[in-house]
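Before any comments, here is the structure.
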Protein chains: 2
Amino acid sequence: MLRISRLTDYGTLILVHLASRNGRLCSANDVATAVRIALPTVQKLLKLLASSGLAHSTRGAEGGYCLSRPPELISAAEILDVLEGPVAITECSIEDGHCHLEASCSVGSAWQRISKSMRTSLENVSLADLENPPASFPVIDLTPAHRASQRTSQRS
Amino acid sequence: MLRISRLTDYGTLILVHLASRNGRLCSANDVATAVRIALPTVQKLLKLLASSGLAHSTRGAEGGYCLSRPPELISAAEILDVLEGPVAITECSIEDGHCHLEASCSVGSAWQRISKSMRTSLENVSLADLENPPASFPVIDLTPAHRASQRTSQRS
DNA sequence: TCATATTGGACTAAAATAGTCCTATATTCG
DNA sequence: CGAATATAGGACTATTTTAGTCCAATATGA
């Protein structure tokens with residue numbers, strides 16, 4: 001859980017590589033060599049990144065890929081959206097709220113809300129942050145709002 | 001991504017049901033009826049919950065399952081650990097740090113750290129919270145530590 | 001026109017997930 | 001004791017997802 005797929009991992013690597021090239025074009029071949037992932041897989045991912053708008057592609061000889069925006073403006077949430085599909089911690093949270101489990105579904109809604117706040121927080125992490133990760137990311141406060149006041153001084 | 005499996009969803013439902021029974025024993029059959037999930041699946045999950053220590057089982061006639069602790073003392077992180085296996089956002093984050101991707105792996109390490117802080121935050125959400133979900137969970141601040149000071153007043 | 005690249009999609013293989021079933025063991029009650 | 005009720009443990013199958021490969025078409029530059 002909270003596991004990203006291998007392709008997403010690869011995809012991130014590729015994005016970081018493109019970021020390091022600072023806007024210069026990079027062919028699928030170049031990328032594959034640099035990140036040491038099989039060419040067909042890299043091609044597949046680059047196509048996905050380009051069609052989703054995270055990368056820009058140029059066809060033909062001397063063509064290649066580059067980021068469509070500076071890495072500071074690409075969020076981890078976006079990257080996950082593209083490479084893993086929409087972030088949704090449970091299935092029915094996608095089509096908000098209709099499963100066959102009726103009453104008990106209040107639980108699903110809790111997972112949904114947790115998922116939602118996680119997503120929101122991932123929007124504040126940029127590709128640039130992934131490129132040069134800080135020593136640590138701060139501990140998240142997922143505590144339900146109604147209890148929050150009781151434990152504000154928690155992290156010593 | 002950030003998707004939990006269907007079995008985890010079911011498992012949570014079952015735990016919430018047990019919580020609502022307030023310590024009284026509940027057979028697999030009772031649970032299956034209550035949560036409306038196929039009996040064999042419920043049996044499988046209850047066995048898992050019992051063997052992992054989240055639930056307590058009593059064999060024989062009049063036997064059944066109950067929570068091993070009050071719902072306030074069971075965290076979402078534990079539930080996920082049991083039902084989904086160890087939380088690890090990338091593969092190599094499990095066996096901390098050896099993949100064939102060498103230098104580029106600093107990225108993986110970033111995902112790892114994000115995953116880690118998410119997990120820590122899930123430790124502060126209890127089964128009781130899942131049972132009666134609050135209106136919303138607060139937005140998480142995942143901003144890297146070195147930028148945190150610049151945006152403390154972010155949530156207006 | 002040829003070499004270099006991306007595009008779009010089909011296709012196969014491998015692995016994880018979901019779901020079912022069977023036999024053994026423990027407990028209660030008549 | 002013996003029948004009924006439950007869990008325990010594990011094998012097993014089917015389904016779905018994920019990973020990975022390949023090919024024919026199109027675009028570009030020299």
Extract all donor-acceptor atom pairs below 3.5 Å that involve side chains of residues 17-25 of chain B and protein atoms in other chains or at least two apart in sequence.
residue: B:S20; atom: OG; partner: B:H17; partner atom: O; Å: 2.6
residue: B:R24; atom: NE; partner: B:R21; partner atom: O; Å: 2.9
residue: B:R24; atom: NH2; partner: B:R21; partner atom: O; Å: 3.2

Which residues satisfy the side chain to side chain contact (heavy atoms under 4.5 Å, CB included) test with A:A61, sequence neighbours excluded? none
Please name all residues satisfying salt bridge (Lys or Arg N to Asp or Glu O under 4.0 Å) with B:E72, sequence neighbours left out, ordered by chain then number. none
Scan residues 20-28 of chain A against DNA chain D and write down, sorted by residue number, each residue with any heavy atom closer than 4.0 Å; if none is found, say none. none
Salt bridge (Lys or Arg N to Asp or Glu O under 4.0 Å) partners of A:R69, counting only residues at least two apart: A:E78
B:I14 CD1 to D:dT7 C1': how many Å, rounded? 14 Å
Interatomic distance where CG belongs to B:L48 and P belongs to D:dG10 [whole Å]: 13 Å
Does A:R59 have any side chain to side chain contact (heavy atoms under 4.5 Å, CB included) partners at least two apart in sequence or in another chain, and if so, which? none
For a side chain to side chain donor-acceptor pair (under 3.5 Å) check, start with the C-alpha distance between B:E123 and B:S75, then their side-chain angles and the critical distance, and finish with the verdict. CA-CA 5 Å; B:E123 283 166 6; B:S75 74; over 6 Å; no
Expressed as a whole number of angstroms, how long is the span from B:L46:CG to D:dA8:P? 9 Å
For A:S27, the side chain to side chain contact (heavy atoms under 4.5 Å, CB included) test, sequence neighbours excluded, returns A:N29, A:D30
Between protein and nucleotides 20-30 of chain D, map the contacts as a letter string: B base, S sugar-phosphate only, - none, heavy atoms under 4.0 Å, written 5' to 3'. BB----BBBS-
State which residues pass side chain to side chain contact (heavy atoms under 4.5 Å, CB included) with B:S57; sequence neighbours excluded, sorted by chain then number. B:A50, B:Y65
Check whether any side-chain nitrogen or oxygen of A:S5 sits under 4.0 Å from OP1 or OP2 of D:dA19, and answer yes or no. yes
To the nearest angstrom, how far is B:L49 atom CG from D:dA8 atom P? 11 Å
